[in-house]
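Let me begin by presenting the structure, written as structure tokens, before commenting on it.
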Amino acid sequence: MTDPAITFSPAPRFNPTLKRALNDILGGSAASVLTVTFGLSYALLIFAGPLSPYLSYAITATFISSAVLAAIVALGSSLPFAVAAPDSSTAAVTGILAASLVERIEAASPSAPLLSPVLITLGLSTVLTGVALCGLGLTRMGRAIRYVPYPVVGGFLGATGLLIVMGAIRVITDHPVQFATVLHFTNGTTLLELGAACAMALVLYLTWHRSRSPFGLPIILVGGVLTAHLAFWITGISLGEARSLGWTFQPPPQAAFMVPWHTDGLVHYPWFAVPDLLGNLVAVIFVTASSTLFNTTGIEVAVHREANLERELNVTGTANMLTGVLGGYAGCISVSRSILNFSSGGRLSGLTVAAMSLLMLVVAPQLLGFIPKFVLGGLLLYLGADQLHKWIIESRKRLSKLEYLSLIAIIAIIVVWGFVPGILIGVIIGCATFAFSAARVESIKYSFDGSEYRSSLDRSRDDQEVLLAHGGKIQGLNLQSYLFFGSANRLYQHVKRLLQERPACRYLLFDFKLVTGVDSSAAYSFAQIKRSAADLGVELILVHLSASAEKVLRSSDFIGEGVIIIGELDHALEWCENEIISQHQGLAQEEASLRDWFTRILDSEDNADELIRRCQRIEVEAGEIIVQAGDPADSMHFILDGRVGIMVPAEDDRTTRVRSLGRYTTIGEMGLVSNTPRSATIQAEVDSVLYVLNIHQFDAIKAEDPALSHKLLTYFVSVMAERLSFANRTIAVLRR
């Protein structure tokens, strides 16, 4: 029981809007920690070596870039939790761009100012990068970068990882990694600094790499700073001595903001160096665009949310243009910070990152003076090594041996010769690798012959038996993929083997239904196929041939005599089957006619069948020489259809016909019996069908079947008697 006079008021609840804002700020604070930490290391990476005296300007450029990118992407991205900032890849190529400019300025005039040209170059490259990104977004061409071969992209990004490692070494030792500076790395203090940086990178790998806690990274870095200062105190080294020995950074002055677009700076800008910088400028644009697209795709996969790629390109491009106008450098959406912010933050998180970045313009210089070089250098070593591991070690599992070797080659070319040769040779290697890989793709999906795969036409049992016995005369190849010089040549080699292994083939079908395209070089291979088929009396039938493919094949004169185009495979099979059935019916009628003739002259069907078995069928065209005068008389001919003439030499190298023989007659039997050379030439007067009995088969008949041999000799005598009687009558007429 409860006292009705006692009442309980509900617990106060937070306003949902306020609660959401607090979550956004919390998520933004976590992402800000990473942005600040990475930002300090990127500033050191870009303004290393001769630019280190201007580190305060680097800090300004870094955190202005972080603030602008974070704010604009937070407000305009299709992913409300997205966080953008300078990335390790974009910072690496930006650092190469700045170093290349400094190298050319110092080569032309060692006393020339460096700060203004560098800030102008960074701003201009960032503006152009923004314009390029917006162009890709507006024209919807951004997706085209996904068609760049994976080894080429991996080579570029792997090279940036190696460049980050080399930049980290320069940050730690103040010396670039070159053959000329090798002796500097033998110094004991330098080796200790590098060892401490490697230890820091190893600690990051063993701890933060596995947990990815947003506050874990600054805790580790602060621990590294405290450990270093404790070591200085134990060894009796003061902060000033540590700075003079190169263990810590010199405290830069207060961050200074300077818009690079002033008249004097533009007038004295080293425009002579611009042509040499174009390759590095293209690298900045390419790496930023590819990082934007790949990072966005990575976020999509991680959080199962779909992004609008064109919108991301437009927003990132706009942010980069404004960043460049303010003197910052290129950046893009960050995978780690966006995923970190996904569960606890929204658009206000990005604005929180922007606010924290602006706050660092005041705080960062004082912090940097107390941070040992090996701490931030170790962070850079870790970032570079992590990227190298991703593209050199992990990618080996996904790539073929050839693709992996091309990726390594592109990394080496970029590091040794720069981004211009890397871009050109990388694209060439990518195209060559693709062509080689595509050539290895089987262009034949499956093959068949007419005895196992037929048309849908229902046929009589007799016709089915004919197709079962003679369907092998039809050979079909179902083609696939894109046919070019590599795959088409393999197809040609396959067809050559097929025609050798299947000599009975008379109809070869090519089904182009799954073919996506045919190039002009492939047409040459098809011309070779046509020549091989024509030599063997094989007809080519093309099925499902697209208009574009037909145009290419016609341009090479492939389509013509001996090549038939039929729209559908079923109709093509029906046409071939009809041809085979028609030929078989004609042969059946011919064989029946031959059997009737031989039965009449031999008075026995069995003897007729035996003689047919011993004979060889040949077809001759009008005008073709069957036997030549003077040749050995090693055969005789039964003329089943057509007409042949007996020709003897005449004056003026002409010949005269002395006799003509038609159907159901024989020729050459006298020479076969007497085994004497031919006394005349025998020539076909019209297309004819003959059955040849050679001397070996005739001798076999005499030895194995004397009855048949006797009947043949009797027939030969009767034929010669008829011809002698005809000759006598002719002579009698001529004597009148």
Side-chain angles (χ1 to χ4, degrees), residues 38 41-42 45 87-96 145-146 148-172 176-178 185 194 197-206 208-210 212 280 283-284 286-291 293-295 297-298 301-302 332 334-336 377-434 436-437:
F38 291 143
S41 63
Y42 298 157
L45 182 66
D87 188 74
S88 58
S89 297
T90 60
V93 291
T94 302
I96 295 297
I145 201 169
R146 293 185 174 181
V148 176
Y150 186 80
V152 176
V153 176
F156 275 96
L157 298 180
T160 61
L162 186 55
L163 293 172
I164 291 173
V165 171
M166 296 170 65
I169 296 174
R170 186 172 187 177
V171 168
I172 298 164
V177 182
Q178 297 174 350
F185 296 101
L194 288 173
C198 291
M200 190 71 200
L202 181 61
V203 170
L204 287 170
Y205 173 75
L206 295 176
W208 185 71
H209 180 83
R210 301 172 185 272
R212 292 292 181 178
N280 293 317
V284 172
F286 178 84
V287 170
T288 306
S290 59
S291 297
L293 291 172
F294 291 135
N295 289 359
T297 304
V301 173
C332 61
S334 168
V335 176
S336 59
L379 175 60
L380 288 173
L381 281 177
Y382 162 75
L383 293 175
D386 185 52
Q387 186 142 317
L388 280 174
H389 181 270
K390 176 181 178 181
W391 294 106
I392 294 182
I393 305 301
E394 292 183 1
S395 63
R396 181 65 187 91
K397 304 173 184 177
R398 301 188 296 269
L399 300 177
S400 66
K401 185 175 181 180
L402 181 62
E403 291 175 327
Y404 182 73
L405 290 176
S406 65
L407 183 148
I408 299 298
I410 293 170
I411 292 176
I413 291 168
I414 292 175
V415 173
V416 175
W417 290 309
F419 279 99
V420 175
I423 291 172
L424 297 177
I425 300 177
V427 171
I428 293 172
I429 291 176
C431 294
T433 303
F434 170 76
F436 183 79
S437 300

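Counting from 1, the numbers follow the sequence of the chain as shown.
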Quiz item: Can you name the side chain to side chain contact (heavy atoms under 4.5 Å, CB included) partners of Ile172, sequence neighbours left out?
Solution: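 Per chain and number, Ile172 pairs via side chain to side chain contact (heavy atoms under 4.5 Å, CB included) with Glu193, Leu194, Ala197, Leu381.
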Exercise. Name all residues meeting the side chain to side chain contact (heavy atoms under 4.5 Å, CB included) criterion together with Ile392; count only those two or more places apart in sequence or in a different chain, and write none if there are none.
Key: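 Result, side chain to side chain contact (heavy atoms under 4.5 Å, CB included) vs Ile392: Leu388, Tyr404, Ile408, Ile411.
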Working to the nearest 0.5 Å, report the span between [atom1] of [X] and [atom2] of [Y].
X      : Y      : atom1 : atom2 : result
Leu405 : Ile410 : CG    : CD1   : 11.0 Å
Asn295 : Cys332 : CG    : SG    : 5.0 Å
Ile393 : Asp386 : CD1   : CG    : 12.0 Å

Within the structure provided, determine whether [X] and [Y] are in side-chain contact (heavy-atom separation under 4.5 Å).
X      : Y      : answer
Val165 : Leu380 : no
Val203 : Tyr382 : no
Leu407 : Ser395 : yes

Self-check item: Contact summary for Ala168 and Gly377, nearest pair of heavy atoms
Solution: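 Closest pair (atom of Ala168, atom of Gly377, distance): CB-O, 3.7 Å.
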Quiz prompt | Closest approach of Thr90 to Val287 (non-hydrogen atoms, all atoms of both residues) | solution =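 It is N-CG1, 4.2 Å.
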Exercise. Kindly determine whether Tyr42 and Ser88 satisfy side-chain contact (heavy atoms from CB on, under 4.5 Å), including the steps that lead there.
Key: CA-CA 7 Å; Tyr42 298 157; Ser88 58; 3.6 Å; yes
Self-check item: Non-neighbouring partners of Ser89 that pass side-chain hydrogen bond (donor to acceptor under 3.5 Å, both in side chains), sequence neighbours left out
Solution: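 Testing Ser89 for side-chain hydrogen bond (donor to acceptor under 3.5 Å, both in side chains), a comparison that skips the adjacent residues, returns Gln387.
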